[in-house]
Amino acid sequence: MAINPNTAWPNLHNLYLAASGGGKSQAIKQNKEIPAQGARVVAWDVDEDHNVRHFDSRPAFARALLSACKSGRGFRIGWAGAGDVGTFEWFCQLVFAALDGRVKTHVLIEELADVSPSAGKATPAFGQLLRRGRKYGAVIHAASQRGTEISKTVYTQCSRHWVGIQEGVDVDRMARLCAVPPDLIKGLKPLQFLYKEAGKPPVKRQLNKPGK
Ligand SMILES: Nc1ncnc2c1ncn2[C@@H]1O[C@H](COP(=O)(O)OP(=O)(O)O)[C@@H](O)[C@H]1O
Ligand SMILES: [Mg+2]
């Protein structure tokens, strides 16, 4: 079970929303709030976009996560096996159990729409991670290309929204969901985002060109 609850942790969850090639994975990689060294990072990374140690067997992933937590040091571990909803629920349950409220754990979730059965309620284990993870140090970084297909819970539970290029039909809905002006969204290019913290005006962020 997750240990050492600390209700003082603020909500630092991030939601990255952009069409394919918009720069979601890059926005996570270039996010300076994830330290390059020493951080606890665990990723749902079926397409292997991230620089983490990948596993495709449940027992091997669970063992690696457990021993990484016991080590007391940072780690970068990712799931790159089956990408179905049931496996995602297993992943979320395991990640929740690995949390320790004395330290942050960055949880990267790539292509959330692929493991979202509906735009309604979040699935149970993912919902638990979203709602209860914060006080155990979780910082979620969830990326999705189809913002209309993910649970509303995700929008309300993430205090930081990153809005990148959108398909035309999605602009107005995204503008409403993230409280940013539609014209600002229409002016975006790949690797550009409107970064919106709850209660603050949006700020334009330009990512670096990815290296090879
Ligand atoms: N290693 C790389 N070298 C050069 N260009 C890259 C590399 N990775 C990504 N890109 C480019 O950066 C942009 C953003 O990519 P990415 O962050 O993967 O988008 P998304 O995750 O939103 O689909 C794309 O235009 C992509 O072609
Ligand atoms: Mg990506």
Side-chain angles (χ1 to χ4, degrees), residues 12-36 39 41-56 61 76-85 87-88 91-92 95 105-117 119 122 126 129-130 138-151 154-155 157-175 177-178 180 182 184-197 202-212:
L12 301 172
H13 298 336
N14 293 267
L15 177 59
Y16 305 78
L17 299 153
S20 182
K24 301 177 295 296
S25 299
Q26 284 298 325
I28 296 175
K29 286 186 193 185
Q30 295 184 29
N31 189 330
K32 293 193 175 62
E33 298 206 351
I34 309 175
V41 177
V42 57
W44 173 262
D45 189 22
V46 172
D47 289 332
E48 305 196 20
D49 285 312
H50 293 275
N51 178 22
V52 296
R53 208 169 130 216
H54 288 107
F55 294 87
D56 61 6
F61 179 84
R76 297 180 67 88
I77 292 176
W79 175 256
D84 58 283
V85 178
T87 305
F88 181 61
F91 170 89
C92 290
V95 169
T105 304
H106 291 277
V107 183
L108 319 187
I109 302 170
E110 280 285 352
E111 301 299 353
L112 178 63
D114 291 351
V115 285
S116 299
F126 177 48
L129 191 58
L130 269 173
V139 181
I140 293 172
H141 299 262
S144 180
Q145 19 181 311
R146 299 183 301 279
T148 50
E149 293 178 18
I150 62 174
S151 164
V154 186
Y155 286 88
Q157 292 292 326
C158 292
S159 64
R160 299 163 161 199
H161 296 167
W162 299 71
V163 181
I165 54 167
Q166 300 292 324
E167 307 286 350
V169 292
D170 290 336
V171 171
D172 286 332
R173 191 154 183 277
M174 199 54 63
L177 282 167
C178 299
V180 295
L184 286 185
I185 299 177
K186 285 177 196 153
L188 293 170
K189 297 193 168 63
L191 300 173
Q192 292 179 340
F193 285 84
L194 298 167
Y195 173 72
K196 176 85 172 68
E197 284 187 12
V203 179
K204 197 160 168 182
R205 294 263 181 107
Q206 172 71 58
L207 302 183
N208 297 321
K209 281 233 153 52
K212 293 287 165 206

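Because the structure is predicted, anything quoted here is derived from the model rather than measured. Any value given below was found using the heavy atoms of this structure, including those in side chains, with hydrogens, waters and symmetry copies removed. Counting starts at 1 for both ligands and their atoms, following the listed order.
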For G187 versus Q192, what's the shortest heavy-atom pair and its separation?
O-OE1, 4.0 Å
If you round to the nearest 0.5 Å, how far is NZ of K24 from CD of Q26?
11.0 Å
Those atoms of ligand 1 less than 4.0 Å from some heavy atom in A19
22 (O)
Nitrogen or oxygen atoms of Q26 and ligand 1 under 3.5 Å apart
yes
Does ligand 1 have an atom that lies less than 4.0 angstrom from a heavy atom of S20?
yes
So, does A27 sit close enough to ligand 1 that a heavy atom of it is under 4.0 Å from the ligand?
no
Suppose we call two aromatic rings close when their centres sit under 6.0 Å apart. Are F91 and W44 close by that rule?
yes
With only distance considered, is A18 within less than 3.5 Å of ligand 1 through an N or O on each side?
no
What do we get for D49 next to ligand 1 when only non-hydrogen atoms under 4.0 Å count, side chain, backbone, both or neither?
neither
How close do I185 and G164 get, counting heavy atoms only, and between which atoms?
CG2-O, 4.2 Å
Parallel, tilted or perpendicular: ring planes of W79 versus F61, cut at 30 and 60 degrees
perpendicular
Under 3.5 Å, N or O to N or O, is E110 touching ligand 1 that way?
no
For the residue pair H106 and I34, what are the closest heavy atoms and their distance?
ND1-CG1, 3.7 Å
Is it the side chain (CB and beyond), the backbone, both or neither of S25 that lies under 4.0 Å from ligand 1, heavy atoms counted?
both
Does even one non-hydrogen atom of G211 get within less than 4.0 Å of ligand 1?
yes
Kindly confirm or rule out an N or O of P190 lying under 3.5 angstrom from an N or O of ligand 1.
no
Polar contact flag for K24 and ligand 1 (N/O pairs, less than 3.5 Å):
yes
Contact flag S25/the Mg ion (ligand 2), N/O/S atoms, threshold under 2.8 Å:
yes
Does some side-chain heavy atom of E111 sit less than 4.5 Å from a side-chain heavy atom of V46?
no
Between R53 and D45, does at least one N-O distance fall below 4.0 Å, as a salt bridge requires?
no
Under 6.0 Å from the CD atom of E167, do we count more than 12 heavy atoms belonging to anything else shown?
no
Out of all atoms in ligand 1, which are within 4.0 Å of some heavy atom of G22? Include the element for each.
19 (O), 22 (O)
